[in-house]
Peer 1: 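Below: one structure in structure tokens.
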Amino acid sequence: MRTFEWVVYFRWKKRSPKPVGPIALPDKYTVSLSASALASLRGLRGYVQADYSPHGSRWYDGLDSAIRGLQWMPNRGRLYREPNIRSILYGRRSYTCRITYRVNDEDRYVEVLAIRHCRQRPDNLTRPSR
């Protein structure tokens, strides 16, 4: 493996990589999806046409890996409205989703409560009549 460092006058200088000792990884958390989160995930799969479009498939795979990444770093999301409930955003621009989840540190357990597309209306709001 080659690594480089930036040197004055914009020239590359080769340097040898530093030896790295063993890295202790934290214990994994168990991640589960609630029924509504699983239904939202299936609905988003159809919305981005993950079965037909390579871009939609890549976006959906990234969303799936963001959810799976909660097993290693569950406290990375920002605190939501209640204690122990956090949320992270995945995606950019018009394809942004909010993943809301609850962390239980004693049992090392993460429950994904909701996955909501950011352009989606909340359930308690109705469309105004014309």
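Worth knowing before you read on, the calculation uses all heavy atoms, side chains too, and leaves out hydrogens, waters and symmetry mates. Note that this is a predicted model, so its numbers are computed, not measured.
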Peer 1: Distance from I88 atom CD1 to L70 atom CG, nearest 0.5 Å?
Peer 2: 5.0 Å
Peer 1: Heavy atoms only: give me the nearest Y90-R58 pair and the separation to one decimal.
Peer 2: OH-O, 4.4 Å
Peer 1: Could you work out, with salt bridge (charged side-chain N to carboxylate O under 4.0 Å, His left out) as the rule, every residue matching R98, not counting sequence neighbours?
Peer 2: none
Peer 1: Which pair of non-hydrogen atoms, one from A66 and one from I99, has the smallest distance, and what is that distance?
Peer 2: CB-CD1, 4.5 Å
Peer 1: Give the C-alpha distance, both sets of side-chain angles, the deciding distance and a yes or no for side-chain contact (heavy atoms from CB on, under 4.5 Å) between D107 and T30.
Peer 2: CA-CA 9 Å; D107 298 333; T30 303; over 6 Å; no
Peer 1: Give the minimum heavy-atom separation between C97 and W59, together with the two atoms involved.
Peer 2: SG-CH2, 3.5 Å
Peer 1: Using every non-hydrogen atom in the two residues, find where Y109 and S32 come nearest and quote the distance to one decimal.
Peer 2: OH-OG, 2.7 Å
Peer 1: Would the distance check show the side chain of Y101 and the main-chain N or O of G77 forming a donor-acceptor pair, the cut-off being under 3.5 Å?
Peer 2: yes
Peer 1: Does any non-hydrogen side-chain atom of L41 lie less than 4.5 Å from one of L63?
Peer 2: yes
Peer 1: Quick check against the 3.5 Å criterion: does R86 have a side-chain atom that pairs as donor or acceptor with the backbone of R76?
Peer 2: no
Peer 1: Can you sort out the partners of R68 under salt bridge (charged side-chain N to carboxylate O under 4.0 Å, His left out), two or more places apart, ordered by chain and number?
Peer 2: D64
Peer 1: Write down the atom of S36, the atom of L113, and the distance for their closest heavy-atom approach.
Peer 2: OG-O, 3.2 Å
Peer 1: Within the 4.5 Å heavy-atom criterion, are R116 and T100 side-chain neighbours or not?
Peer 2: no
Peer 1: Would a single hydrophobic cluster contain both L38 and I115, if residues Ile, Leu, Val, Met, Phe, Trp and Tyr are joined by side-chain heavy-atom contacts under 4.5 Å?
Peer 2: yes
Peer 1: Taking only residues two or more places apart in sequence or in another chain, which ones pass ring-ring contact (aromatic ring centres under 6.0 Å, His included) with Y29?
Peer 2: none
Peer 1: Got V112 and V31 here, is their nearest side-chain heavy-atom distance under 4.5 Å?
Peer 2: yes
